[in-house]
Colleague: 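Quick one: the structure is below, and I'll ask about it shortly.
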Amino acid sequence: LLTTYIDPTTGTYWRTSGNDLSTTNELLPDFYQRTTDDATNFTNAVNFNWRPLKWLTTSADAGVNVITRQDDQLVPRGLLPVSDSTGRLFTGSGGTVGSTVNLRATGTAPLPWGFHLQLSTGANYTRTAESALETGVTGLAPGTSSVNGAEQIAYSTQNSADITSFGWYVEPDFTHDRFTITTGLRLDGSSTFGSNVSVPIFPKIGVSWLISQEPFFPFKHFFDVVRVRAAYGRAGVWPGPSDRLRLYTSSRPWEDGGFIDVTQVSTIGNSQIRPERSSEMEGGFDADFLHGQLSVGFSGYRKMRWDIT
């Protein structure tokens, strides 16, 4: 809700204070401040594909994304219509650099009994580096709009994070006229893991069966296509960049007639932290009938999570 209202007939400003209204000769200080946001985004990527053999294809891609940002909130000295208008400036600057590299190779080969193999393997690398600096000052020097010469530093904080992750996977898939079997195994590591945590393994398997093409299927006259499917897999969620660290804060409270230096634990941290993991089972069917005019699908699943962060 607004806290200052204007009477258009008299030009009087009315300011709310609780449930009361009182007249005033000035607008809110927020009307006098200048806010500036400046952001730059640079994105670049390269992709490479190579087919050295008829049955083998390879690909590689890499990219980088750079974001810089500058935010300022300024009320110059002497601008507000009050005698103690010393001015204030809140400024923040930061940047994010994200880089990725992906490698992949896929080979195909025929197998006995009408099966066909497609084997894929690859690796992924990701790094995200962030940094931010925020400063707030009051009592600006006359004629300036920067932190230089300010009378008091209200606050100053600096944050940074650097997260790196690496993964490797292999995915053998077996296909047939009526069957499809998809399997996979993935290993992932991250700089956010605890120091004594082994690399987690995430398997997956899925089966699809076009049962309507089997000779024993009894409803061929009614269904055009019936496919049953089932799948199982595991996945993970990485911990935060500081979840494994024990962090401290310092302060100077007033105690026994004077200021004392105090250091306190702000985050306990967990040096044995592991990624949050989950497993999921899913099953169902898809059916087409009435010459493809109507389709029906059904799915059911059960999901479990552990090591929740």
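These values consider heavy atoms only, across backbone and side chains, with no hydrogens, waters or symmetry-generated copies. The shown structure was predicted, so the numbers you read here are calculated from the model rather than taken from an experiment.
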Colleague: Are F166 and I163 joined in one hydrophobic group, where the rule is that I, L, V, M, F, W and Y side chains link up if heavy atoms are under 4.5 Å apart?
Modeller: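 Looking at the clustering, I163 is in a separate group from F166.
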
Colleague: Has T40 got a side-chain atom pairing as donor or acceptor with T68's backbone, closer than 3.5 angstrom?
Modeller: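 No: the side chain of T40 does not pair with the backbone of T68.
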
Colleague: Distance-only, no hydrogens or angles: does the H176 side chain make a donor-acceptor pair with backbone N or O of W113 under 3.5 Å?
Modeller: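 Flag set: sc H176 to bb W113 pair under 3.5 Å.
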
Colleague: Determine whether L185 and I201 satisfy the following criterion, side chain to side chain contact (heavy atoms under 4.5 Å, CB included), listing intermediate values before the conclusion.
Modeller: CA-CA 7 Å; L185 188 67; I201 301 175; 3.2 Å; yes

Colleague: Answer yes or no: is there a side-chain heavy-atom contact under 4.5 Å between T106 and E171?
Modeller: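 No, their side chains stay 4.5 Å or more apart.
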
Colleague: Give the minimum heavy-atom separation between D188 and G167, together with the two atoms involved.
Modeller: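 Scanning both residues, the minimum pair turns out to be OD1-CA, 3.2 Å.
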
Colleague: Got R234 and R186 here, is their nearest side-chain heavy-atom distance under 4.5 Å?
Modeller: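 SC-SC contact between R234 and R186 ruled out.
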
Colleague: Between D173 and I181, does a side chain to side chain contact (heavy atoms under 4.5 Å, CB included) hold up when you go through it step by step?
Modeller: CA-CA 6 Å; D173 296 339; I181 303 174; over 6 Å; no

Colleague: Please tell me whether L294 and F298 are part of a single hydrophobic cluster in this structure, the criterion being side-chain heavy atoms less than 4.5 Å apart.
Modeller: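 Yes; F298 is reachable from L294 via cluster members.
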
Colleague: Evaluate the side chain to side chain contact (heavy atoms under 4.5 Å, CB included) criterion for residues L111 and H116: first the C-alpha distance (whole Å), next the side-chain angles of each, then the deciding distance (0.1 Å), finally the verdict.
Modeller: CA-CA 5 Å; L111 296 177; H116 191 81; over 6 Å; no

Colleague: Give a yes or no on whether I153 atom CD1 has more than 12 heavy-atom contacts from other residues, nucleotides or ligands under 6.0 Å away.
Modeller: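 Result for CD1/I153: open.
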
Colleague: Atom CZ in F217, atom OG in S212: separation rounded to 0.5 Å?
Modeller: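 Atom-to-atom, F217:CZ and S212:OG are 6.0 Å apart.
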
Colleague: Minimum heavy-atom separation for N148 and A141, please, with both atom names.
Modeller: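 Scanning both residues completely, I find the closest heavy atoms to be O-CB, 4.3 Å.
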
Colleague: Would you say F223 and V228 are hydrophobically clustered, going by side-chain heavy atoms of ILVMFWY under 4.5 Å?
Modeller: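 In one cluster with F223: V228, yes.
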
Colleague: Is it the case that the side chains of D72 and T36 hold a donor-acceptor pair, with the cut-off being a distance below 3.5 Å and no angle test?
Modeller: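 The answer is no; no qualifying pair exists.
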
Colleague: Is there side-chain contact between S59 and T57, with at least one heavy-atom pair below 4.5 Å?
Modeller: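 SC-SC contact between S59 and T57 ruled out.
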
Colleague: Return the CG to OG1 distance between L119 and T108, rounded to the nearest 0.5 Å.
Modeller: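 Going from CG on L119 over to OG1 on T108, the span is 10.0 Å.
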
Colleague: With side chains defined as the heavy atoms from C-beta onward, is the minimum distance between L140 and L74 less than 4.5 Å?
Modeller: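 Side chain of L140 against side chain of L74, heavy atoms only: contact under 4.5 Å found.
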
Colleague: What's the verdict on side chain to side chain donor-acceptor pair (under 3.5 Å) for R229 and S299, showing C-alpha distance, side-chain angles and the deciding distance?
Modeller: CA-CA 9 Å; R229 47 185 166 75; S299 296; 2.9 Å; yes

Colleague: Quick check for you: to the nearest 0.5 Å, what is the distance between D61 atom CG and T100 atom OG1?
Modeller: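 Result: 6.5 Å between the selected atoms.
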
Colleague: Are V46 and W50 connected in a single hydrophobic cluster, I mean Ile/Leu/Val/Met/Phe/Trp/Tyr linked by side-chain heavy atoms less than 4.5 Å apart?
Modeller: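 Result: no, two separate clusters.
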
Colleague: Can you tell me how far CD of E282 sits from CZ of R302, rounded to the nearest 0.5 angstrom?
Modeller: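 If I round to the nearest 0.5 Å, the distance is 14.5 Å.
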
Colleague: So which atom in S279 and which in Y232 form the shortest heavy-atom distance, rounded to 0.1 Å?
Modeller: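 Scanning both residues, the minimum pair turns out to be CB-OH, 3.7 Å.
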
Colleague: Below 4.5 Å, heavy atoms only, C-beta onward: do F219 and F289 meet side chain to side chain?
Modeller: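 With C-beta onward as the side chain, the pair stays apart.
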
Colleague: Please examine the side chains of E151 and R77, heavy atoms only from C-beta on, and report whether any two atoms are closer than 4.5 Å.
Modeller: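 A side-chain contact under 4.5 Å exists here.
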
Colleague: If the threshold is 4.0 Å, N to carboxylate O, is there a salt bridge linking E214 and K220?
Modeller: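 Judged by the 4.0 Å cut-off on N to carboxylate O distance, E214 and K220 do not form a salt bridge.
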
Colleague: When you compare the side chains of S120 and R104, does any donor N or O come within less than 3.5 Å of an acceptor on the partner?
Modeller: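 Yes, R104 and S120 have a side-chain donor paired with an acceptor closer than 3.5 Å.
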
Colleague: Please walk me through it: do T43 and N41 pass side chain to side chain donor-acceptor pair (under 3.5 Å)?
Modeller: CA-CA 7 Å; T43 303; N41 193 330; 3.3 Å; yes

Colleague: Would you please say whether a donor-acceptor pair under 3.5 Å links the side chains of D288 and S295?
Modeller: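 Note: D288 and S295 side chains meet the donor-acceptor criterion.
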
Colleague: Measure the spacing between OH of Y169 and CG of N124 and express it to the nearest 0.5 Å.
Modeller: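 Atom-to-atom, Y169:OH and N124:CG are 6.0 Å apart.
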
Colleague: The test is salt bridge (charged side-chain N to carboxylate O under 4.0 Å, His left out); show your working for E276 and R305 and say whether it passes.
Modeller: CA-CA 7 Å; E276 175 185 317; R305 299 166 59 197; 2.8 Å; yes

Colleague: Do F285 and V225 share a hydrophobic cluster, counting only Ile, Leu, Val, Met, Phe, Trp and Tyr and linking them when any side-chain heavy atoms are less than 4.5 Å apart?
Modeller: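 Per the 4.5 Å side-chain linkage, F285 and V225 are not co-clustered.
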
Colleague: State, without any angle test, whether R227 and S208 hold a side-chain donor-acceptor pair at a distance under 3.5 Å.
Modeller: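 Side chains of R227 and S208: pair found under 3.5 Å.
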
Colleague: Nearest 0.5 Å, what's the CG-OG1 distance between L117 and T175?
Modeller: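 Going from CG on L117 over to OG1 on T175, the span is 8.5 Å.
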
Colleague: Are any non-hydrogen side-chain atoms of S278 and K303 less than 4.5 angstrom apart?
Modeller: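 With C-beta onward as the side chain, the pair touches.
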
Colleague: In sequence, state the C-alpha distance, the side-chain angles, and the governing distance for F174 and F115, and then conclude on ring pair (Phe, Tyr, Trp, His ring centres under 6.0 Å).
Modeller: CA-CA 6 Å; F174 304 89; F115 280 91; 7.3 Å; no

Colleague: Just by distance, no angles: are the side chains of Q70 and T91 close enough, under 3.5 Å, to form a donor-acceptor pair?
Modeller: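 T91 and Q70 do have a side-chain donor-acceptor pair below 3.5 Å.
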
Colleague: Restricting to non-hydrogen atoms, name the atom on G136 and the atom on F90 that form the minimum distance, rounded to 0.1 Å.
Modeller: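 Closest heavy-atom pair between G136 and F90: CA-CD2, 3.6 Å.
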
Colleague: Would D162 and R127 pass as an ion pair if we require N to O under 4.0 Å?
Modeller: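 The answer is yes: the pair qualifies as a salt bridge.
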
Colleague: Between the side chain of T58 and the main-chain N/O of P52, is any donor-acceptor distance below 3.5 Å?
Modeller: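 Here the side-chain-to-backbone pair does not exist.
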
Colleague: So which atom in L56 and which in R51 form the shortest heavy-atom distance, rounded to 0.1 Å?
Modeller: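 Heavy atoms of L56 and R51 come nearest at O-CG, 3.2 Å.
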
Colleague: Below 4.5 Å, heavy atoms only, C-beta onward: do Q264 and V262 meet side chain to side chain?
Modeller: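 Q264 vs V262: side chains touch.
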
Colleague: Would you find more than 12 non-hydrogen atoms of other residues, nucleotides or ligands less than 6.0 Å from Y155 atom OH?
Modeller: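 Above 12, so yes.
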
Colleague: Evaluate V101 against T126 for side chain to side chain contact (heavy atoms under 4.5 Å, CB included), listing each step before the verdict.
Modeller: CA-CA 7 Å; V101 177; T126 303; over 6 Å; no

